[in-house]
Protein chains: 2
Amino acid sequence: MSEPKSRLFNDQGELVIPKAVVGRLSLYLREVQHLIRDGKETTNSTELGKLLGVTDAQVRKDLAHFGQFGHPGVGYRCQELVDAIKNIMGTNTTWNVALIGIGNLGRALLRYKGFHEQGFQIVAAFDVDDDVIGFKVEGVDVYHIQDLAEVVKAQSIRLAAISVPSHAAQAVVDLVVEVGIEGILNFAPVTINVPSQVRVIGVDLAMELEQLAFTVVNRDSKS
Amino acid sequence: MSEPKSRLFNDQGELVIPKAVVGRLSLYLREVQHLIRDGKETTNSTELGKLLGVTDAQVRKDLAHFGQFGHPGVGYRCQELVDAIKNIMGTNTTWNVALIGIGNLGRALLRYKGFHEQGFQIVAAFDVDDDVIGFKVEGVDVYHIQDLAEVVKAQSIRLAAISVPSHAAQAVVDLVVEVGIEGILNFAPVTINVPSQVRVIGVDLAMELEQLAFTVVNRDSKS
DNA sequence: CATCTCTTGTTATTAGTTTTACAGGGAAAT
DNA sequence: ATTTCCCTGTAAAACTAATAACAAGAGATG
């Protein structure tokens, strides 16, 4: 009388999807959405593999982690795949996002249309500069950061993107954590400290260029 | 009469630094630079480990990949470490970078000061919009993209950051490759195709948010 | 100078990831 | 209905990375 076997949960009821797979999930989603836009109804592991630059076996193994919806002899139905991945990623429903820091990058993020298409909506922006507070930027209200708690609650905001100067980052993060934000996308090029229940992803643009420089300098390396 | 053993090169004379290590190298660099700014002269694997969120053993193993400059009983001298990492990364000298696409994000990138501090300088910008061509944005000349070859050559540009709309990305990439650019930082949320000798790093901001959403939704997962 | 403490570099072990190989399900064709 | 072909899911093998454990180097201390 054992439980039905699941690829998704282990004995402790914890979701078990390898880190490496999660990183590729978004990539699969993006490519399959493009395929749909191009009018394709089904795809297969070989095609997806070529698009992502991984082997076909890798694709099958990755996708098998969250159920069996491949169709032998046919492949994967694109829409089915998109729905499944969105479910796993949690983007089958829209996330409200707060943006903190209306500098160059902050403004660019507000104007960026790509977020909405993937299920994210910047619903409020925050700063400490009186020149922007009270105005709308790209249709989004800009509040003083002291109003964060109130707005976050009223709008059910769970994620925050932080684009403030490095020296202000940790203080802002502390505030953001205090008001109950669950995930932070940090654009400041510093490591920030958060309690363990809060998730952080850092995007450091200079670091990306550095990685690029490395791969160029060591072009024929095995790394 | 065998060659002296090297941690850097294998039998074929290829540089062997594991992918995973390269990804952390930039992180080490960033943290050690912060330590120097805070007036510290030496650090050690335990301290670095805490700053990066990895074990001390991991730090030692990573750094050991590119020589032996740790000092037993003392640790690592910060400046020595920074110089060594910059050498490996290729950022001991400044890289000239071209920016293609002067939209929201492009402008934000032009204004971003962090690149220069890490050894990157955007020396020329390109677009197809007559409203910006011929002007300077943030002190950087904006050229028509048809002048790319000429400017790239004149300014010894080896890297390009691409912040054009998705639908234009591949065409721009083809052009950029044709004029001999060696590395591309792609901000368009599409996979681009390049010949094998050209290196690409993609930055997809919606995808980063997606990854964040996943970690929030599956907060207590093992992945 | 011997000893103690700190901290590295490295080896051995364990864990995680990718690749390879193939059995079998399902559609299409004859 | 049988055969053929395609394509998945998965087990096993190969590879890569992370962790743990420790011998030995270097400064500090008495």
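What's counted below: heavy atoms across the whole structure, side chains too, no hydrogens, waters or symmetry copies. In what follows, every chain begins at residue 1, and chains take the letters A, B, ... in the order their sequences are listed.
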Check the pair A/Glu210, B/Ser26 against side-chain hydrogen bond (donor to acceptor under 3.5 Å, both in side chains), reporting the backbone distance first and the verdict last.
CA-CA 7 Å; A/Glu210 230 165 64; B/Ser26 294; 2.9 Å; yes

Measure across B/Val59 and B/Tyr28 and return the closest heavy-atom pair with its distance rounded to 0.1 Å.
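That closest heavy-atom pairing would be CA-OH, 3.4 Å.
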
Between [atom2] on [N] and [atom1] on [X], what's the gap in Å once rounded to a whole number?
X       : N      : atom1 : atom2 : answer
B/Phe66 : C/dT10 : CZ    : P     : 14 Å
B/His65 : C/dT11 : NE2   : C1'   : 14 Å
A/Leu48 : D/dT8  : CG    : C1'   : 13 Å
A/His71 : C/dG24 : NE2   : C1'   : 17 Å
B/Leu63 : C/dT7  : CG    : P     : 15 Å
A/Arg60 : D/dC6  : CZ    : P     : 15 Å
A/Asp62 : C/dG16 : CG    : C1'   : 13 Å
B/Glu80 : C/dT8  : CD    : P     : 13 Å

Sub-4.5 Å side-chain heavy-atom contact between [X] and [Y]:
X        : Y        : answer
A/Arg111 : B/Leu105 : no
A/Arg107 : A/Ile102 : yes
A/Val217 : B/Trp95  : yes
B/Phe115 : B/Leu109 : yes
B/Gln155 : B/Gln121 : no

Using a cut-off of strictly less than 4.0 Å between a heavy atom of the residue and any atom of DNA chain D, enumerate the qualifying residues of residues 24-33 of chain B by number.
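Per residue number, the list reads B/Arg24.
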
Side-chain N or O of [X] closer than 4.0 Å to phosphate OP1/OP2 of [N]:
X       : N      : value
B/Gln58 : D/dT19 : yes
A/Gln68 : C/dG25 : no
B/Thr55 : D/dT19 : yes
A/Tyr76 : D/dG9  : yes

Identify, residue by residue, the members of residues 40-47 of chain B with a heavy atom below 4.0 Å from DNA chain C, and return them in order of residue number, or none.
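Hits under 4.0 Å, by residue number: B/Asn44, B/Ser45.
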
Give A/Ala20 one of three labels, base, sugar-phosphate or nothing, depending on what nucleic acid heavy atoms sit under 4.0 Å from its own.
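Sugar-phosphate only.
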
Select base, sugar-phosphate, or nothing to describe what A/Val54 touches, counting heavy atoms under 4.0 Å on all strands.
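A/Val54: no heavy atom of the nucleic acid under 4.0 Å.
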
Roughly how far apart are B/Ile88 CD1 and A/Asn218 CG, rounded to 0.5 Å?
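If we round to the nearest 0.5 Å, B/Ile88:CD1 and A/Asn218:CG are 7.0 Å apart.
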
Has the side chain of A/Lys61 got a donor or acceptor atom sitting under 3.5 Å from an opposite partner on the base of C/dT18?
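A donor-acceptor contact between them is present.
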
Between A/Ala57 and B/Ala57, who's closer to the 5' end of DNA chain C by nearest nucleotide?
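The residue closer to the strand's 5' end, by nearest nucleotide, is B/Ala57.
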
Applying the side chain to side chain contact (heavy atoms under 4.5 Å, CB included) criterion to B/Ile162, which one of B/Val176, B/Leu99, B/Leu185 satisfies it?
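Exactly one option meets the side chain to side chain contact (heavy atoms under 4.5 Å, CB included) with B/Ile162, and it is B/Val176.
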
Parallel, tilted or perpendicular: which one describes the rings of A/Phe69 and A/Phe66, with boundaries at 30° and 60°?
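The arrangement is tilted - the two ring planes meet at 30° to 60°.
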
Could you please name the option among C/dT17, D/dA17, D/dT10 that lies closest to any side-chain atom of B/Lys19?
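Among C/dT17, D/dA17, D/dT10, the one nearest the side chain of B/Lys19 is D/dA17.
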
